[in-house]
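Worksheet for the structure shown next.
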Number of protein chains: 2
Amino acid sequence: MDSGHQNVHRQSGVALWRQIADRIRMSIANGEYDATGKVPPEMLLAEQFGVNRHTVRSALQALAQEGIVRAVQGRGTLIERKERLNFPISRRTRFSQGIGEQAREKEGLLLDSARLSASAEIAGRLAIEIGAPVLRLETLRKADRRPVSRSTSWFPAERFAGLIEAYRDSGSITAAFQALGLQDYLRVSTEVTAIHADGADLADLQLSPGAILLVTKALNADSEGVPVQYAVSRFPADMVQFTIEN
Amino acid sequence: MDSGHQNVHRQSGVALWRQIADRIRMSIANGEYDATGKVPPEMLLAEQFGVNRHTVRSALQALAQEGIVRAVQGRGTLIERKERLNFPISRRTRFSQGIGEQAREKEGLLLDSARLSASAEIAGRLAIEIGAPVLRLETLRKADRRPVSRSTSWFPAERFAGLIEAYRDSGSITAAFQALGLQDYLRVSTEVTAIHADGADLADLQLSPGAILLVTKALNADSEGVPVQYAVSRFPADMVQFTIEN
DNA sequence: TATAGTTGTCTATGTCAATAGACATTTGGA
DNA sequence: TCCAAATGTCTATTGACATAGACAACTATA
């Protein structure tokens with residue numbers, strides 16, 4: 001650490017204002033500015049990061065765009081929103097339950113659905129024949145009106161014929177399963193990786209491009225161990241964390 | 001998807017060459033080019049991503065810098081390295097065991113160590129008094145000579161007095177614990193998040209700036225449930241994935 | 001041994017990112 | 001009411017990013 005500067009990297013292909021925006025967003029999520037409810041003054045941040053004030057302003061404007069801060073002339077830059085949802089991952093992982101008390105309003109939107117033939121990968125995950133019919137659901141989950149995950153799920157089509165309608169009605173996989181007679185299911189495995197957000201996810205999750213997504217690939221099975229759902233979910237990395245309790 | 005273009009984002013604060021480098025790196029890791037052992041020609045990539053050939057070249061040069069590809073005039077751009085290590089996270093999670101057969105050589109380096117007083121956070125995690133003495137170890141783990149994680153660990157200092165030497169000798173936390181009489185320990189909880197790499201991590205993990213890190217915060221305890229280690233580890237997101245088996 | 005296919009190099013141009021400085025405007029408190 | 005502190009706006013300059021086109025150099029193979 002030379003002269004107290006925090007680390008930002010030039011010529012890395014990631015603009016300084018974006019690096020700084022990410023750092024400030026993280027600091028807000030970690031509660032570092034809770035004492036004042038404000039981000040430090042632009043001049044101070046510029047000094048801390050070793051950049052020009054205008055560069056800090058670009059970063060703050062990006063955060064304002066996301067609705068995380070609001071700049072008020074004369075007063076400072078106020079923190080509007082500060083949340084990091086925690087998702088426990090366990091044998092009984094369920095999305096809505098996972099959010100629990102962390103949000104008042106929970107919502108599940110069906111963006112798209114299709115009935116198609118299982119690719120080699122999906123067939124392998126669901127332990128069915130390649131080409132067997134599967135249902136694919138594209139869903140968006142929200143907590144307190146803010147999008148927190150974008151999922152693509154596959155289900156064996158024969159077993160869960162009315163699933164699309166059941167999900168649309170309830171906004172919950174668990175409820176949809178129950179409506180189709182599957183009372184209980186268990187998480188078999190969860191893979192976690194991270195990527196840069198792109199494409200439709202950016203728009204759906206209301207992120208600024210370049211944001212980081214946590215990606216989970218999850219397999220759920222019924223109590224006999226027969227796979228019932230394979231899901232790839234993307235979460236904004238600055239809004240969530242996963243907890244694995246053993 | 002308009003005209004088959006893959007999604008890259010302009011004016012996002014993340015340079016196009018970096019977005020493309022990340023995508024190609026991921027495609028290599030996913031084995032998409034295994035048939036040829038080569039990345040597609042620059043012209044084709046440029047077309048796919050909807051950018052100029054020079055932009056693709058910048059991306060490939062970054063990957064060459066990382067040792068992932070090697071361009072050969074007249075032949076193409078050959079894939080040099082292609083790996084994604086899988087780390088199972090369970091009650092018995094251990095780093096060296098986790099790598100298992102995925103690498104021949106495993107190595108644990110002690111970068112730095114210190115004896116200091118527990119901050120509020122560390123004291124809370126280890127369930128000790130604030131200000132109580134703790135040992136902090138900065139370690140770097142390698143598999144087949146390539147760095148795969150950078151960890152900062154805290155231990156109760158009184159219980160594990162000779163730990164620093166024991167770790168330096170063995171390069172393994174498990175072995176160091178055993179040398180100090182702790183035969184067994186269990187993973188209590190693991191939190192997973194993701195950030196942009198910065199600072200010392202960049203250098204230690206030999207990444208190009210802007211790369212994504214998966215971050216785990218793990219708590220280990222002895223068989224009585226008394227915390228023995230709290231560790232914050234950073235893994236290059238394009239080289240690893242975590243698997244939670246239930 | 002041509003030739004198609006591929007990477008390497010060069011020049012040129014426009015846009016975005018970052019710095020620099022000056023000054024206006026608003027707020028809250030002395 | 002005045003002043004310090006903070007954000008808002010403007011102009012100007014430099015370097016990195018991205019595009020465009022042309023051509024050189026190398027490789028494999030028909």
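Values reported hereafter were calculated over all heavy atoms of this structure, with side chains retained and with hydrogens, waters and symmetry mates removed. A, B, ... follow the sequence lines: proteins, then strands. Residue 1 opens every chain. All values reported here derive from a predicted model rather than from experimental measurement.
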Separation of [N] [atom2] from [X] [atom1] (nearest whole Å):
| X | N | atom1 | atom2 | answer |
| --- | --- | --- | --- | --- |
| A:Gln73 | C:dC23 | CD | P | 17 Å |
| B:Gln61 | D:dA16 | CD | P | 15 Å |
| B:Lys38 | C:dG5 | NZ | C1' | 9 Å |
| B:Glu47 | C:dT6 | CD | P | 12 Å |
| A:Leu44 | D:dA6 | CG | P | 8 Å |
| B:Arg53 | D:dG21 | CZ | C1' | 11 Å |
| B:Trp17 | C:dA17 | CH2 | P | 14 Å |
| B:Arg70 | C:dG8 | CZ | P | 11 Å |

Base, sugar-phosphate or nothing for A:Ser58? Non-hydrogen atoms, less than 4.0 Å.
nothing
Look at the side-chain N and O atoms of [X] and state whether any lies under 4.0 Å from the OP1 or OP2 oxygen of [N].
| X | N | value |
| --- | --- | --- |
| A:Arg75 | D:dA5 | no |
| B:Thr55 | D:dT19 | yes |
| B:Arg57 | C:dG8 | yes |

Is it the case that A:Gln241 and B:Thr193 place a side-chain donor and acceptor less than 3.5 Å from each other?
no
Does a side chain donor of either B:Thr216 or B:Arg234 reach within less than 3.5 Å of an acceptor in the other side chain?
no
Stepwise ring-ring contact (aromatic ring centres under 6.0 Å, His included) test for A:Phe235 and A:Phe242
CA-CA 10 Å; A:Phe235 303 78; A:Phe242 300 125; 5.0 Å; yes
Start at the 5' end of DNA chain C and walk down; is the nucleotide closest to B:Val72 or to A:Ala15 reached first?
B:Val72
Find which nucleotide of DNA chain C each of A:Leu16 and A:His54 is nearest to by heavy atoms, and output the residue with the more 5' nucleotide.
A:Leu16
Shortest side-chain distance from A:Asn52, nucleotide among C:dT19, D:dT7, D:dT19:
C:dT19
Does B:Trp154 form a side chain to side chain contact (heavy atoms under 4.5 Å, CB included) with B:Leu126? I'd like the steps, not just the answer.
CA-CA 8 Å; B:Trp154 289 265; B:Leu126 290 176; 4.1 Å; yes
Can a salt bridge be assigned to the pair A:Lys38 and A:Glu80 using a cut-off of 4.0 Å between side-chain N and carboxylate O?
no
